[in-house]
Amino acid sequence: MRATTIVLLYIILTTLFTNCNPDIFIDDFITEYPDTCYVEKGKPFKLNFNSDNWNITNIEGVSINTFDYTIYDLEGNPIYNNFLLLHEGETGIIYYESTYYAFRIEKRNNRELEIICVKNIVNQPIAFTIIVGNEYFHKEINVSLQPTSKFVIDRVEYDFENDFYYCDYVVEQVDGMTVNNSNSEEPVTLNFYPFKNSLRKIQFYPDDYESFNNMDKILGENLAEIPIPDIVDGKPVMGNTKVKFGLLEQSFWTGRLDKDFMVSTTVQPGEIKNIEVYNDIEEFHVNYKVHASNPDTGEECVFTGRLNSKDPFDYLVIFPKLDN
């Protein structure tokens, strides 16, 4: 008799609560979804739900800043929800955008959720989690936003007419020593190689250092090369010289000078002599504009700044006077 009473009471309670809210006991409002949703550009990832009693509570991830997303209704009007991103039964589009990646989460009806990759130019997938649920429990939808194509450099411009500066009277010391031959009766001859370590030095001074320091994300880890001007008879000429765009400083051997070229000087008996060896440098500064575009997203960007070049072209040996 007692067992029959317990079974009857269970049936009554189950019927009562089910009639009040038929969705409360649908624990699995989504039963089929992968451990991680891999989302690629041009391939939206769709999730199907078993019921409509769920909301989007949050988007979490190391790389996700809650200030970077905007919520719209299906007509494109902003939605201002204080806590939940999308309430239970509410449709809308969550658009997340940062400098290097962007995605959309679209809830166009109460039984589907679509994740769309807009861009990810970071050099690895971006991981985040969408928290869905209701007042009784939540589930985590893990997402991996796959990398998309990088920007491509289209053209480079230099403002030779308005912002070009050139000089050839700069010197840089490359060698030197003080020789004390005061206690010797024989002369000492010293050989110097003024061009042994002579390199052309290139420096970029970007207007936007943050973008420049993240050029590996924008253009790819194998940085693209851009043409830079050479100096011919004191004038800038575009030839075949190229450098990597995305490094603040770089240097390279141009083949312009003879590394084995030698200059000799002699210190006589009883003499103390200072010897300093310099490179004569051609230096110029010019403003640049590098235009780039993304073939997938159609985005365009322009990087601006100032290019500085120092190129050795001759040598100088001087003998400074000794301090008394």
Side-chain angles (χ1 to χ4, degrees), residues 150-176 192-263 274-293 300-320:
K150 304 292 185 179
F151 279 75
V152 177
I153 293 177
D154 299 318
R155 68 183 189 279
V156 183
E157 298 175 353
Y158 295 101
D159 192 357
F160 295 124
E161 293 185 6
N162 301 307
D163 290 289
F164 180 76
Y165 168 81
Y166 167 79
C167 69
D168 60 358
Y169 48 81
V170 177
V171 294
E172 290 185 356
Q173 187 172 354
V174 295
D175 206 345
F192 296 94
Y193 296 85
F195 304 135
K196 182 178 181 180
N197 298 309
S198 298
L199 300 172
R200 183 175 178 183
K201 298 176 182 178
I202 298 298
Q203 294 172 303
F204 285 97
Y205 298 97
D207 293 330
D208 182 357
Y209 274 88
E210 181 181 356
S211 295
F212 200 89
N213 290 332
N214 286 281
M215 207 61 72
D216 61 321
K217 299 182 180 68
I218 300 170
L219 299 177
E221 292 181 309
N222 295 322
L223 293 173
E225 293 185 333
I226 63 170
I228 62 170
D230 298 313
I231 298 298
V232 179
D233 297 327
K235 303 294 183 182
V237 175
M238 297 305 298
N240 297 319
T241 305
K242 294 183 177 182
V243 297
K244 290 179 183 275
F245 187 65
L247 300 177
L248 291 174
E249 297 183 10
Q250 54 194 295
S251 57
F252 53 93
W253 170 252
T254 64
R256 182 181 184 181
L257 303 171
D258 182 2
K259 285 180 177 288
D260 296 324
F261 176 78
M262 184 180 69
V263 59
N274 276 342
I275 306 166
E276 293 180 357
V277 183
Y278 291 84
N279 277 176
D280 290 317
I281 305 291
E282 281 186 321
E283 182 173 8
F284 71 81
H285 311 264
V286 65
N287 284 357
Y288 67 83
K289 287 184 178 180
V290 177
H291 298 260
S293 61
E300 297 181 352
C301 57
V302 179
F303 307 103
T304 60
R306 196 159 181 81
L307 171 69
N308 179 55
S309 170
K310 293 181 179 180
D311 194 7
F313 70 93
D314 206 346
Y315 77 95
L316 177 67
V317 180
I318 65 173
F319 308 97

Over all atoms of both residues, closest heavy-atom pair of D154 and A292:
OD2-C, 3.6 Å
Of all the heavy-atom pairs spanning Y166 and E282, show the shortest one and how long it is.
OH-OE2, 2.8 Å
Where do S198 and W253 come nearest, in terms of heavy atoms and distance?
O-CE3, 3.0 Å
Do N197 and V174 pass the side chain to side chain contact (heavy atoms under 4.5 Å, CB included) test, and can you show the C-alpha distance, the side-chain angles, and the key distance before you say yes or no?
CA-CA 8 Å; N197 298 309; V174 295; over 6 Å; no
Please check if the distance between the ring centroids of F261 and Y315 is under 6.0 Å.
yes
Would you say the side chain of P236 lies within less than 4.5 Å of the side chain of Y158, judging by non-hydrogen atoms?
no
Point-to-point distance, once rounded to the nearest 0.5 Å, from NE2 of H285 to NZ of K310
7.5 Å
What distance do E283 atom CD and S309 atom OG have between them, rounded to the nearest 0.5 Å?
8.0 Å
Rounded to the nearest 0.5 Å, what separation is found between the CD atom of E225 and the CG atom of L219?
12.5 Å
Checking side-chain contact (heavy atoms from CB on, under 4.5 Å) between R200 and each of I228, L257, I281, V243, which is the one that passes?
I228
Minimum heavy-atom separation for K289 to V302, with atom names?
CB-CG1, 4.2 Å
Check whether any side-chain heavy atom of F284 lies under 4.5 Å from a side-chain heavy atom of P229, and answer yes or no.
yes
Closest approach of G246 and F212, non-hydrogen atoms and distance?
C-CE2, 3.5 Å
Might you work through the side chain to side chain contact (heavy atoms under 4.5 Å, CB included) test for T304 and N287, ending with a clear yes or no?
CA-CA 7 Å; T304 60; N287 284 357; over 6 Å; no
Side chain to side chain donor-acceptor pair (under 3.5 Å) test vs S211 passes for just one of D207, D208, N213, N214, namely D208
Quick check: does any side chain N or O of D175 sit under 3.5 Å from a backbone N or O of P194, one acting as donor and the other as acceptor?
no
Distance-only, no hydrogens or angles: does the K259 side chain make a donor-acceptor pair with backbone N or O of K196 under 3.5 Å?
yes
Decide yes or no on side chain to side chain contact (heavy atoms under 4.5 Å, CB included) for T241 and F252, but give the supporting numbers first.
CA-CA 11 Å; T241 305; F252 53 93; 4.0 Å; yes
Go through the steps to decide whether V286 and Y165 satisfy the test side chain to side chain contact (heavy atoms under 4.5 Å, CB included), and finish with yes or no.
CA-CA 7 Å; V286 65; Y165 168 81; over 6 Å; no
Check the pair Y288 / F204 against ring-ring contact (aromatic ring centres under 6.0 Å, His included), numbers first and verdict last.
CA-CA 9 Å; Y288 67 83; F204 285 97; 5.5 Å; yes
Would you say the side chain of D168 lies within less than 4.5 Å of the side chain of D280, judging by non-hydrogen atoms?
no
How far apart are the closest heavy atoms of L248 and P206, and which atoms are they?
CD2-CD, 3.8 Å
Just verifying a value: how many Å separate D216 CG and L247 CG, rounded to the nearest 0.5 Å?
10.0 Å
Nearest 0.5 Å, what's the CZ-CG distance between F245 and L223?
9.5 Å
In this structure, are over 12 heavy atoms from other groups packed under 6.0 Å from N162 atom CG?
yes
Quick check for you: to the nearest 0.5 Å, what is the distance between E172 atom CD and N279 atom CG?
7.5 Å
